[in-house]
Amino acid sequence: MVFHHVLQADNMKSIIFLVGPTAVGKTAVSIYLAKMLNTDIISCDSMQVYKGMDIGTGKPALAQLRQVPHHMIDVLSPVRNFSVADFRKKALDCIEVIKGKGKKVFFVGGTALYMRALIDGLFSSPPADRALRNRLLRQEKINGRGYLYKQLSRVDKNSAKLLHPNDTRRVIRALEVYTNTGIPISVLKKGTRGLKSKYSIKVFCLNRNRKELYNLIEARVDYMFKRGLLAESRRLKVKKLSMTARQALGYREVFGYLDGRLTLKAAKELIKKNTRNFAKRQLSWFRNDESIEWIDIDKEKPKEIAEILCKKLMK
RNA sequence: GCCGAGGUAGCUCAGUCGGUAGAGCGAGGGCCUGAAAAGCCCUGCGUCAUCAGUUCAAUUCUGAUUCUCGGCA
């Protein structure tokens, strides 16, 4: 708390991110750090934006939400689709609000793409064109695997080179952009400006040894069931979840159980496995980012980690 | 104690009519711009239980040992 005036000076030019794989312990650390910095928390998470998806997405507890003002949590009904672009737009608004209060901008979350979209920027393009995507997908089915990839190679050789022919989703996206703008996505990507052109960005990534992380993941999944993941899933099931909300880990598998495709035990194990795999993918994304400062947690308590981060920010 | 089956990749197992081995799952690594908690790609040297014998050559055949699982006592 004594650091306020010191930090105040550069509040306007620096932005902090606290990231890390799921279950590593970001939330607890973020509460302490936000208090030390006397600021709010902006969530950088693709699933915690949804209302009613609390237990399964590992949202901060009510008590934690009361201690520090949070943004980008519970901002959308789970029947609505959500995208990086939606996130970026809303998050940029949050930044303005917090800067307006003279506070430090502090993001916390595990969705690496969303962080990148903020830091590096996103080129502007028309919103997703579902009809076109479905049409393209049909073409791929009719003409065989690799058909769309060949189409893309014709119009945008550079993007095609970066994609695997089986990566249909990205091939379709690249074709969609080209069809709707007349400009190859590979060209558009070059012309983006993000937060890093205006602010100094500091990214901390929490991590722990793999075994320990996996233990935490499994314990957390067990705890989710104790807290009522089943009941929460039932409540969500009667609404019709949007395509994006439906993808959230935990609910997917529980729906499998509720539909009788999985035993409860199998569903639980599947959630654990899928979450482990997810954490691995998150780490792969963070590792690829040279500018990240890694913070290895072993036995340290959340408060101690927060203090360490705070000291680093003073320098 | 006796009879039977078996010990091969982290797990479940296949296989080698003797030329040092392969699937599934798991796991590890990577990619990533409006679905990202999604999607996509790559990765299998492992004392073939141990020791000895036969053989140019044994994980494969023979014997002993050991462990596991069934059945009978």
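Keep in mind that the numbers below use all heavy atoms, side chains included, and drop hydrogens, waters and symmetry copies. A note on names: the letters A, B, ... follow the listed sequences, proteins ahead of strands, and every chain is numbered from 1.
Near RNA chain B, meaning a heavy atom under 4.0 Å from it, residues 70-84 of chain A has A:F82, A:S83, A:V84 in order of number. If you check residues 131-165 of chain A against RNA chain B, the residues with a heavy atom closer than 4.0 Å are A:R133, A:H164, listed by number. For the segment residues 54-61 of chain A, the set of residues with a heavy atom within less than 4.0 Å of an atom of RNA chain B comprises A:G56, A:T57, in numerical order. Interface residues of residues 204-236 of chain A facing RNA chain B, ordered by number: A:R210, A:Y214; criterion, heavy-atom separation under 4.0 Å. Non-hydrogen atoms lying under 4.0 Å from RNA chain B are contributed by A:Q247, A:A248, A:L249, A:R252, A:K273, A:R276, A:N277, A:F278, A:K280, all within residues 246-280 of chain A.
Residues that satisfy the salt bridge (charged side-chain N to carboxylate O under 4.0 Å, His left out) test with A:D54, not counting sequence neighbours, are A:K59. For the salt bridge (charged side-chain N to carboxylate O under 4.0 Å, His left out) test, residues two or more places apart in sequence or in another chain that qualify with A:K237 are A:D259. Listed by chain and residue number, A:E218 satisfy the salt bridge (charged side-chain N to carboxylate O under 4.0 Å, His left out) test with A:R276 (two or more places apart in sequence, or in another chain). Residues forming a salt bridge (charged side-chain N to carboxylate O under 4.0 Å, His left out) with A:K273 (at least two apart in sequence, or on another chain): none.
B:rA38 sits 14 Å from B:rG26 when the P atoms are compared, rounded to a whole Å. Remark: the separation of the C1' atoms in B:rG71 and B:rU62 is 27 Å, to the nearest Å. Using P as the reference atom, B:rU66 and B:rG24 are 38 Å apart when rounded to the nearest Å. The gap from the C1' atom of B:rG63 to that of B:rU55 amounts to 16 Å, rounded to the nearest Å. Taking atom C1' on both nucleotides, B:rG53 is separated from B:rC41 by 50 Å, rounded to a whole Å. Comparing the P positions of B:rG39 and B:rC48 gives a spacing of 39 Å, expressed to the nearest Å. On the C1' atoms, B:rU33 is 15 Å away from B:rC40, given to the nearest whole Å. Here the separation of B:rU8 from B:rU20, taken at their C1' atoms, is 12 Å to the nearest Å.
Side-chain contact between A:V203 and A:I119: present, with at least one pair of heavy atoms (C-beta onward) separated by less than 4.5 Å. Between A:Q67 and A:Y32, every side-chain heavy-atom pair lies at or beyond the 4.5 Å cut-off. Using a 4.5 Å cut-off on side-chain heavy atoms (C-beta onward), A:R287 and A:I292 make no contact. Between A:F255 and A:S233, the closest side-chain pair of non-hydrogen atoms falls below 4.5 Å.
With B:rC41, B:rA36, B:rC31 as the choices, the nucleotide that has an atom nearest any side-chain atom of A:T111 turns out to be B:rA36. Side-chain proximity of A:S124 to the nucleotides B:rG34, B:rA35, B:rC40 is greatest for B:rG34. Here the side chain of A:N166 is nearest to one of B:rA36, B:rU33, B:rC41, namely B:rC41. Of the candidates B:rA36, B:rG34, B:rC31, B:rG34 carries the atom nearest the A:R173 side chain, counting heavy atoms from C-beta on. Ranking B:rA37, B:rC32, B:rG34 by closeness to the A:R170 side chain, first place goes to B:rC32. The listed nucleotides are B:rA38, B:rC31, B:rG34; the one nearest the side chain of A:F123 is B:rG34.
With rounding to the nearest 0.5 angstrom, the CG atom of A:L37 is 10.5 Å from the OG atom of A:S30.
Protein atom CE of A:M53 is 11 Å distant from nucleotide atom P of B:rA37, rounded to whole Å. Rounding to whole angstrom units, CD1 of residue A:I185 and P of B:rU33 are separated by 6 Å. With rounding to whole Å, A:R169 atom CZ is found 12 Å from B:rC41 atom P. A straight line from CD of A:Q48 to P of B:rA36 spans 14 Å, rounded to a whole angstrom. Following rounding to the nearest Å, A:N288 (CG) and B:rC32 (P) show an atom-to-atom distance of 6 Å. Look at CD1 on A:I172: it is 14 Å from C1' on B:rG34, rounded to the nearest Å. Atom P of nucleotide B:rA36 and atom CE of A:M115 are separated by 16 Å, given to the nearest angstrom. Summarising the geometry, the separation between CZ on A:F87 and P on B:rG34 is reported as 15 Å, rounded to the nearest angstrom.
Applying the salt bridge (Lys or Arg N to Asp or Glu O under 4.0 Å) test between A:D40 and each of A:K103, A:K99, A:K35, A:K104 identifies A:K103 as the sole match.
Counting any heavy atom pair closer than 4.0 Å across all strands shown, A:T244 reaches sugar-phosphate atoms only and no base atom.
Side-chain atoms of A:R173 and A:S125 include a donor-acceptor pair closer than 3.5 Å. Residues A:Y50 and A:T244 have side chains that bring a donor and an acceptor to within less than 3.5 angstrom of each other. Counted by atom type alone, A:T111 and A:D45 present zero donor-acceptor pairs between their side chains at under 3.5 Å.
In this structure, A:I73 is not a member of the same hydrophobic cluster as A:I55, with clusters built from ILVMFWY side-chain heavy atoms closer than 4.5 Å.
Residue pairs meeting the side-chain hydrogen bond (donor to acceptor under 3.5 Å, both in side chains) criterion with at least one partner in residues 290-304 of chain A, sequence neighbours excluded, are A:K202-A:E293, A:D289-A:S291, A:E293-A:K312.
Grouped with A:V171 in one hydrophobic cluster are A:L132, A:L136, A:L137, A:Y147, A:L148, A:Y149, A:L152, A:V155, A:L163, A:I172, A:L175, A:Y178, the linkage being side-chain heavy-atom contacts under 4.5 Å among Ile, Leu, Val, Met, Phe, Trp and Tyr residues.
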Exercise for review: Given side chain to side chain contact (heavy atoms under 4.5 Å, CB included), test A:R88 with A:V84 step by step and report yes or no.
Suggested key: CA-CA 6 Å; A:R88 177 164 177 274; A:V84 220; 5.8 Å; no

Here RNA chain B, pairs taken as Watson-Crick or G-U under 3.5 Å and shown with ( ), [ ] when crossing and | when to another strand, reads (((((((..((((.....[..)))).(((((.......))))).....(((((..]....)))))))))))).

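Minimum heavy-atom separation, A:S43 to A:M72: O-CB, 3.5 Å. In terms of heavy atoms, A:G194 sits closest to A:S197 at O-OG, 2.7 Å.
Side-chain atoms of A:K26 come within 3.5 Å of backbone atoms of A:P21 as a donor-acceptor pair (strictly under, hydrogens ignored).
Under the 90° criterion around 0 for the glycosidic angle, B:rG46 counts as anti.
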